[in-house]
*Asks:* 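I have a structure I would like to understand better, so I am pasting it below and will then ask my questions one at a time.
To find a chain, count down the sequence lines: A is the first, B the second, and so on, and within it residues start at 1.
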Protein chains: 2
Amino acid sequence: MASERKATADPARSLALLWRTREPTSRSAGPALSVDRIVRVAMDIADAEGLDALTMRRVGEALGVGTMSVYTYVPGKAELVAVMIDTAYGEMPRPVVEGDWRTRLERIARDNLALYQRHPWMLRAETTRPVLGPHLMAKYDYELGAIVDIGLTDVEVDAVLTLVLGHVKSAARAASEVVDLERETGMTDGQWWQSHAPWLETFLKPGAYPTASRVGTAAGQQHGAAYGPEYAFEFGLQRVLDGISVVVAERAANR
Amino acid sequence: MASERKATADPARSLALLWRTREPTSRSAGPALSVDRIVRVAMDIADAEGLDALTMRRVGEALGVGTMSVYTYVPGKAELVAVMIDTAYGEMPRPVVEGDWRTRLERIARDNLALYQRHPWMLRAETTRPVLGPHLMAKYDYELGAIVDIGLTDVEVDAVLTLVLGHVKSAARAASEVVDLERETGMTDGQWWQSHAPWLETFLKPGAYPTASRVGTAAGQQHGAAYGPEYAFEFGLQRVLDGISVVVAERAANR
DNA sequence: CAACGAGGCCGTACGCCGTACGACCGCGCC
DNA sequence: GGCGCGGTCGTACGGCGTACGGCCTCGTTG
């Protein structure tokens, strides 16, 4: 539990960490640790085993160092996760994409999905307030740049991006949950359904919830698993882009 | 951390709990506790103070009972949260709404938003696999019923609902994060920005990220806070519904 | 060249958490 | 009247994040 929330009374410290403001040590042999080494190791752990496996003890261990040494460089776990998030944003490509806004926005959606697939722990990290690191800024700037000129107001442009990124996160979360529950239980999604279905039928009065049964079954058969996260992503993304097209076209007509 | 994931090796037990299959005790004086009392108290705690404040010790205390007594009725915390979720679904209205599908779907979105506002902890509870309780089934059936007849396939109908509910959850989460960080830090969103902005400007090279700065400022000024969760909800909802309209119209034309 | 002080390192300990285990106890049933 | 069982719960264990204070090392200074 305890959450990844920052208790952070001190914005200066948190931001300095994110932006790596740090006078280099004058010592000849530099310190054994660094924020970057810590972050790299922490991301490796979280990528491989999930956020729950990321403990401060574990990080120290992986670095061959005492647990508390980590605290020399990072005020606490919440701040560590914040730096990890900003670092992950920094890994994203920011290509200049040819084509219309829809192509560009779709590309942004797919890049964000890929990010979440590479770092599923980002979906569970609760940030409450934006991280405000340099890479988030760069990402935000880049993504806005792809759609600033589509004829909407600045406020609307921001809302469009929020909408698309929100959809990506939703879909990514659904997909990720399937994956890591399989890891935890050792059962595939299909096996899980097969083990629950007989019991569920016991409780369910026959004929109850006809719509739910029919649609649920149809959806379950269509996709291999009971839920088709990739389908949900694609379908939803096209709907969202269609919806954005409607306003864009409206504005173009009224100009 | 430790997450609200169910370790649940035993589907029978979990489902029996959800569906309240329990032969009434023959004892004269019934037991002091019950699943319902536990769930009610737990929801009160979570509603008032958030999921982090919901501990088994706390639940026992609120019931005037030893911590471990709770485990007589509930296999563990994860299952407790699952029952809480299903119970919350049971509270939702399921009116027969007059009007077209868009009206009905919009109503569903607003009802779900209201649910999350009443029980923000639902946004943090990680369920990985659907809860499969009676009230979730009823909710799913009801919501599908509002849109089964719009001319899409069953699979698409399911995807439409997933899309809309996903948007609601995204927006609700954004709104909730603002609220409970204010509670935690004792600062409003505006105050938080004011305390961070000067530091951020220190790090930011002037002229860097022009688009982000302009759009971010515009969005910040438009809404009272730096982020306008209600606006994001409304804007996104209309876009999503517009997008759905496009397919619906397409199908109607091709029929 | 010796003394100092600061910065990096980290062992120990505290207060939380979820929950396994086994003891106690009072009631309904044979 | 004795038994068994369901409800209750005290204690304890292993894990977590992290506060605190000591130690050791090394560049700096007199």
*Asks:* Mind calculating the distance between NZ (K77(B)) and C1' (dG18(C)) to the nearest angstrom?
*Replies:* 8 Å

*Asks:* Quick one: do T72(B) and L33(B) satisfy side chain to side chain contact (heavy atoms under 4.5 Å, CB included)? Show the steps, please.
*Replies:* CA-CA 9 Å; T72(B) 307; L33(B) 254 43; over 6 Å; no

*Asks:* Are any protein N/O atoms closer than 3.5 Å to N/O atoms in nucleotides 12-15 of chain C? If there are, list each pair with its distance.
*Replies:*
none

*Asks:* Once you apply a heavy-atom cut-off of 4.0 Å, does G60(B) come out as touching a base, just sugar-phosphate, or nothing?
*Replies:* nothing

*Asks:* At under 4.0 Å between heavy atoms, what does Y73(A) touch on the DNA or RNA strands: base, sugar-phosphate, or nothing?
*Replies:* sugar-phosphate

*Asks:* Using a 4.0 Å cut-off on heavy atoms, which residues in residues 33-44 of chain B reach DNA chain C? List them by number, or say none.
*Replies:* none

*Asks:* Whether R57(A) and E61(A) form a salt bridge (side-chain N of Lys/Arg under 4.0 Å from carboxylate O of Asp/Glu) is what I want to check.
*Replies:* no

*Asks:* Quick check against the 3.5 Å criterion: does W199(B) have a side-chain atom that pairs as donor or acceptor with the backbone of A16(A)?
*Replies:* no

*Asks:* Contact class for T55(B) vs. all strands (heavy atom < 4.0 Å): base, sugar-phosphate, or nothing?
*Replies:* sugar-phosphate

*Asks:* Is it the case that the side chain of S213(B) and the backbone of Y209(B) share a donor-acceptor pair, with hydrogens and angles ignored and the cut-off at 3.5 Å?
*Replies:* yes

*Asks:* Should S69(B) be listed as having a side-chain N or O under 4.0 Å from OP1 or OP2 of dC9(D)?
*Replies:* yes

*Asks:* Between E49(B) and R58(B), does any side-chain N to carboxylate O distance fall below 4.0 Å?
*Replies:* yes

*Asks:* Round to the nearest Å and state the distance from M56(B) atom CE to dA20(C) atom C1'.
*Replies:* 13 Å

*Asks:* Atom CG of L51(B) to atom P of dC17(C): distance rounded to whole Å?
*Replies:* 14 Å

*Asks:* Report the distance from atom CD of E61(B) to atom P of dG10(D), rounded to the nearest whole Å.
*Replies:* 12 Å

*Asks:* Any side-chain to backbone donor/acceptor pair from H167(A) onto F233(A)? Under 3.5 Å, distance only.
*Replies:* yes

*Asks:* How many whole angstroms separate atom CG of L63(A) from atom P of dC10(C)?
*Replies:* 11 Å

*Asks:* Let me know the distance between CD of E79(B) and P of dG18(C), rounded to the nearest Å.
*Replies:* 13 Å

*Asks:* Salt bridge check: are R20(B) and D36(B) linked by an N-O gap of less than 4.0 Å?
*Replies:* yes

*Asks:* Give the C-alpha distance, both sets of side-chain angles, the deciding distance and a yes or no for side chain to side chain contact (heavy atoms under 4.5 Å, CB included) between L132(A) and L200(B).
*Replies:* CA-CA 8 Å; L132(A) 288 190; L200(B) 191 57; 4.2 Å; yes

*Asks:* Using whole Å, what does the distance between atom P of nucleotide dC17(C) and atom CZ of R58(B) come to?
*Replies:* 10 Å

*Asks:* Do any N or O atoms from the side chain of N112(B) and from the backbone of I108(B) form a donor-acceptor pair under 3.5 angstrom?
*Replies:* yes

*Asks:* Specify the separation, in whole Å, of atom CG of L80(A) and atom P of dC16(D).
*Replies:* 15 Å

